[in-house]
Amino acid sequence: MSELRKGLFNDWVTKPLGLLVILIITITALTTNGLYTANINDMVSGMGTMTEYMMMANYATTIGMMVVFPLLIQIKGAFTSRNILFVTLGGTLLLSLWCAVTTSPQVLIGCNLVMGGFKMFTMMEVIVPIMMMISPDGNRGRFYAVFYPVSIALGQLGAYFSAELSYAFGWQYVYYFMMPGLLLSLLLVTVFYHNGRTSPYAPFKSIDWQSFLLLTTSLMLLNYVLVFAKVEDYFSYVHIQGAALGFVITLLLFIKRQLTSAQPFLNLRILQIRNVWASQAMVFLTGLFLAAGSIQSVLTSGILKYSAQTNAELNLWMIPGVIVGGLLLFFWNKYEHNHKGIILIGFGAFVLGYLLLYTNVNPGAGMQDFYLAAALRGFGMVVLFAGLGVYNAVGLQMMDMLSSGAVLVVFRSFLGPAFFSALISFGMYQGQVEHLHQLAQHMDVTNTAVMARAATSGGTLGLYGAAMPQAVLVAAREMLGYVVMAGLWIMLIVWLFRFGKMNRRRLVNWRKKWRSIVGAPAVAG
């Protein structure tokens with residue numbers, strides 16, 4: 001057995017240099033994706049496919065991140081940090097190349113699923129050292145106040161630059177542009193990381209591959225149902241019926257296996273803990289506000305005819321809100337320990353943001369009318385992600401925290417947004433049909449204004465072209481009203497819910513547990 005070594009890097013690496021290496025790898029991992037959402041329209045046109053395939057690929061990344069969560073400790077105990085990063089960064093590089101050259105949406109979905117798993121392993125290798133530096137006393141609130149604003153801001157900046165690259169060169173070049181960063185990260189790992197162990201070798205225990213496959217299959221089937229339900233006419237299509245039935249069967253088999261196994265793949269019993277199930281429910285409801293951003297896209301792209309670059313530029317205004325939210329989180333954590341207050345503030349920011357958007361649903365709106373709403377959404381996003389993340393982990397031991405974190409990821413980035421996206425898409429479609437029908441009732445030969453419009457705009461098709469935007473605007477305003485009302489109800493529920501006080505002594509348990517499991521390496525050698 002080789003001698004244990006301290007730190008991640010070779011002995012000659014100084015702490016500032018080691019920090020720089022970790023930051024470069026972190027930025028690369030955060031900004032490299034299997035699908036860049038700002039380029040979805042260009043990818044749909046270039047590949048000759050449907051938007052739904054792109055959305056399914058996007059959610060597949062989150063599923064890939066979630067299903068490998070239970071494997072993190074075993075992989076960390078069996079392999080060195082250098083080997084893990086070699087495999088994950090190298091695998092991400094090859095899959096990025098595959099995504100750039102493929103013409104098959106099914107291949108793109110599969111690549112995103114695997115890349116999500118690679119991304120989670122990479123992030124675990126860099127997040128833990130950063131966490132130790134930002135919060136050496138184990139205060140998760142302080143770490144989240146820094147990490148979430150940085151990650152969300154990088155995501156918005158990445159979306160903007162990917163939209164610009166796609167417009168200038170083509171959507172494939174976004175993947176090519178990220179490859180030098182991955183190559184640089186691999187080079188840094190080769191030069192600076194040592195290949196020694198920072199914790200005793202722990203061979204693989206029997207991994208429950210059956211549970212792994214059941215969970216992955218179940219979530220991917222649900223992914224298909226939620227994304228394709230509208231275009232396949234919901235449960236009238238046999239494929240949707242089969243996928244829904246398959247989801248239920250595989251999910252029940254997975255749950256049964258976890259509840260009867262002595263060493264479950266994912267400890268579902270933690271969902272009995274009050275703060276765990278409550279945080280999962282509130283994260284799920286946060287998906288309503290994340291999904292409601294599509295209503296703004298309908299307005300900006302469909303009515304105002306903004307390009308993908310303009311929409312990405314507009315979303316950059318979320319960053320000021322993210323920064324303010326991070327500052328609030330930092331000082332809230334320093335002087336206050338009330339979970340209810342910070343979560344109410346987060347939901348309130350979302351409600352106010354969509355209320356402002358509701359007032360700007362008109363064909364004469366300009367970009368400046370969306371700035372404050374975007375900033376409020378960024379503020380609400382970072383506050384809720386961090387606030388609910390801290391509340392979810394209160395009082396949990398390391399292994400339980402990994403299980404709850406896995407469920408939290410899938411609720412936050414897949415189940416909530418996908419479910420409410422399907423709901424809002426259905427509402428927008430039905431609203432457009434209903435309001436178009438109401439407008440058409442008044443269009444006949446007895447209406448002189450209608451006949452004059454028909455004569456100057458190309459007849460019936462011209463009337464349709466004039467009426468449809470009005471129907472879209474009314475449907476969008478109606479859906480935004482529902483979002484605001486639902487948000488007020490959510491705030492009432494949160495206000496009435498008993499959160500309990502934060503036990504600060506338990507906040508530091510994760511650090512001791514992590515050191516006992518993986519050695520908690522320092523930044524430099």
Evaluate the side chain to side chain contact (heavy atoms under 4.5 Å, CB included) criterion for residues L408 and Q280: first the C-alpha distance (whole Å), next the side-chain angles of each, then the deciding distance (0.1 Å), finally the verdict.
CA-CA 6 Å; L408 193 73; Q280 308 290 348; 3.6 Å; yes
Considering all heavy atoms of both residues, which atom of [X] and which atom of [Y] are nearest to each other, and what is their separation?
X	Y	value
V382	G321	CG1-O, 4.5 Å
P129	I22	CB-CD1, 3.8 Å
G325	V383	CA-CG2, 4.1 Å
G90	L186	N-CD2, 3.8 Å
S294	I424	OG-CG2, 4.0 Å
A486	L288	CB-CD2, 3.7 Å

side-chain hydrogen bond (donor to acceptor under 3.5 Å, both in side chains) against E125, all qualifying residues, sequence neighbours excluded
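E125 satisfies side-chain hydrogen bond (donor to acceptor under 3.5 Å, both in side chains) with K76, S81 only.
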Pairing residues for Q156 by the side-chain hydrogen bond (donor to acceptor under 3.5 Å, both in side chains) criterion, not counting sequence neighbours
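So Q156 forms no side-chain hydrogen bond (donor to acceptor under 3.5 Å, both in side chains) with any residue.
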Do [X] and [Y] make a side-chain contact, defined as non-hydrogen atoms from C-beta onward lying under 4.5 Å apart?
X	Y	answer
M55	L35	no
M43	Y36	no
L222	L415	yes
K256	L214	no
F118	T32	no
Q296	L480	no
M282	Y391	yes
F347	L384	yes

Kindly state each residue pair satisfying side-chain hydrogen bond (donor to acceptor under 3.5 Å, both in side chains) with at least one member in residues 52-66, sequence neighbours excluded.
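Pairs touching residues 52-66 that pass the test: T61-N112.
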The single option from T216, L215, T217, L213 passing side-chain contact (heavy atoms from CB on, under 4.5 Å) against F254:
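That would be L215; it is the only one of T216, L215, T217, L213 passing the side-chain contact (heavy atoms from CB on, under 4.5 Å) with F254.
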With salt bridge (Lys or Arg N to Asp or Glu O under 4.0 Å) as the rule and sequence neighbours excluded, what pairs involving residues 406-428 come up?
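Listed once each, the pairs would be none.
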Show the atom names and distances, to 0.1 Å, of all donor-acceptor pairs under 3.5 Å that link a side chain in residues 93-107 to residues at least two apart or in another chain.
residue, atom, partner, partner atom, Å
S96, OG, T92, O, 2.8
T102, OG1, S104, N, 3.1
S104, OG, Q106, N, 3.4
S104, OG, Q106, OE1, 3.2
S104, OG, V107, N, 3.3

Just by distance, do the side chain of [X] and the backbone of [Y] share a donor-acceptor pair under 3.5 Å?
X	Y	result
K119	N33	no
Y224	A244	no
S413	V410	no
S162	A159	yes
K340	W495	yes

Distance from L251 atom CG to L219 atom CG, nearest 0.5 Å?
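Interatomic distance, L251 CG to L219 CG, rounded to 0.5 Å: 8.0 Å.
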Does NZ or CZ of R377 fall inside the cone over Y354's six-membered ring, less than 6.0 Å from its centre and within 45° of the axis?
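Yes, R377 lies over the aromatic ring of Y354.
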Quick one, F350 with V483, criterion side chain to side chain contact (heavy atoms under 4.5 Å, CB included). Give me CA distance, side-chain angles, the key distance, then yes/no.
CA-CA 10 Å; F350 268 126; V483 170; over 6 Å; no
Let's go through L488 and L492 carefully: what are the C-alpha distance in whole Å and the side-chain angles of both, what is the deciding distance for side chain to side chain contact (heavy atoms under 4.5 Å, CB included) to 0.1 Å, and is it a yes or a no?
CA-CA 6 Å; L488 293 174; L492 177 62; over 6 Å; no
Apply the test side chain to side chain contact (heavy atoms under 4.5 Å, CB included) to residues V409 and F414: give CA-CA distance (whole Å), side-chain angles for both, the deciding distance (0.1 Å), then the verdict.
CA-CA 8 Å; V409 166; F414 166 50; over 6 Å; no
In terms of relative ring orientation, are F420 and F284 parallel, tilted or perpendicular, with 30° and 60° separating the classes?
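Aromatic pair F420/F284 classed tilted.
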Residues, nucleotides or ligands: over 12 heavy atoms within 6.0 Å of F212 CZ
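Above 12, so yes.
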Ring pair (Phe, Tyr, Trp, His ring centres under 6.0 Å) with Y148: which residues, sequence neighbours excluded?
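Residues passing ring pair (Phe, Tyr, Trp, His ring centres under 6.0 Å) with Y148: Y144.
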